[in-house]
Amino acid sequence: ANTGHWFYPNLGDITALRRHVLGQFPTPSGPRNRVYISRAGRRRVINEPEVIGLLKRYDFQIIEDKPRSVAEQVAI
């Protein structure tokens with residue numbers, strides 16, 4: 001179910017999905033990871049090598065943009 005528009009998902013659907021998916025994972029504890037997901041295609045960052053260089057200095061984990069399951073996305 002949705003609102004009929006891909007850009008504006010139904011809040012109830014998002015809440016139900018979040019409750020269902022997050023219920024399958026333990027509650028995070030300790031420090032959180034800093035993550036940057038590299039973009040491809042039309043969402044590509046033009047100066048990405050420079051951005052990645054800067055982010056690595058601040059201990060960001062650089063992740064390749066590729067298809068992932070919902071569980072893989074949540075785990076990241």
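Keep in mind that the numbers below use all heavy atoms, side chains included, and drop hydrogens, waters and symmetry copies. Since this is a predicted model, take the numbers as computed values, not measurements.
- Between the side chain of N47 and the backbone N or O of E50, no donor-acceptor pair lies under 3.5 Å.
- Every pair passing side-chain hydrogen bond (donor to acceptor under 3.5 Å, both in side chains) that includes a residue from residues 67-76 is listed here, sequence neighbours excluded: S69-E72.
- Between S38 atom OG and I63 atom CD1 the span is 10.5 Å, to the nearest 0.5 Å.
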Extract all donor-acceptor atom pairs below 3.5 Å that involve side chains of residues 14-25 and protein atoms in other chains or at least two apart in sequence.
residue	atom	partner	partner atom	Å
T15	OG1	L11	O	2.9
H20	NE2	Q24	NE2	3.1

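- In this structure, the side chain of N33 does not engage the main chain of V35 through any donor-acceptor pair within 3.5 Å.
- Both F60 and V51 belong to a single network of hydrophobic side chains, linked directly or stepwise wherever heavy atoms of I, L, V, M, F, W or Y lie under 4.5 Å apart.
- By the neighbour-count criterion of 12 heavy atoms within 6.0 Å, atom CD1 of I46 is sparsely surrounded, having that number or fewer from other residues, nucleotides or ligands.
- Every pair tested for side-chain hydrogen bond (donor to acceptor under 3.5 Å, both in side chains) that includes a residue from residues 51-66 fails, sequence neighbours excluded, so the list is empty.
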Report the C-alpha separation of Y36 and V45 in whole Å, then their side-chain angles, then the decisive distance to 0.1 Å, and conclude whether the side-chain contact (heavy atoms from CB on, under 4.5 Å) test is met.
CA-CA 12 Å; Y36 173 79; V45 175; 3.5 Å; yes

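- Both I62 and L54 sit in one connected hydrophobic cluster of ILVMFWY residues. Membership requires side-chain heavy atoms under 4.5 Å apart, directly or through other members.
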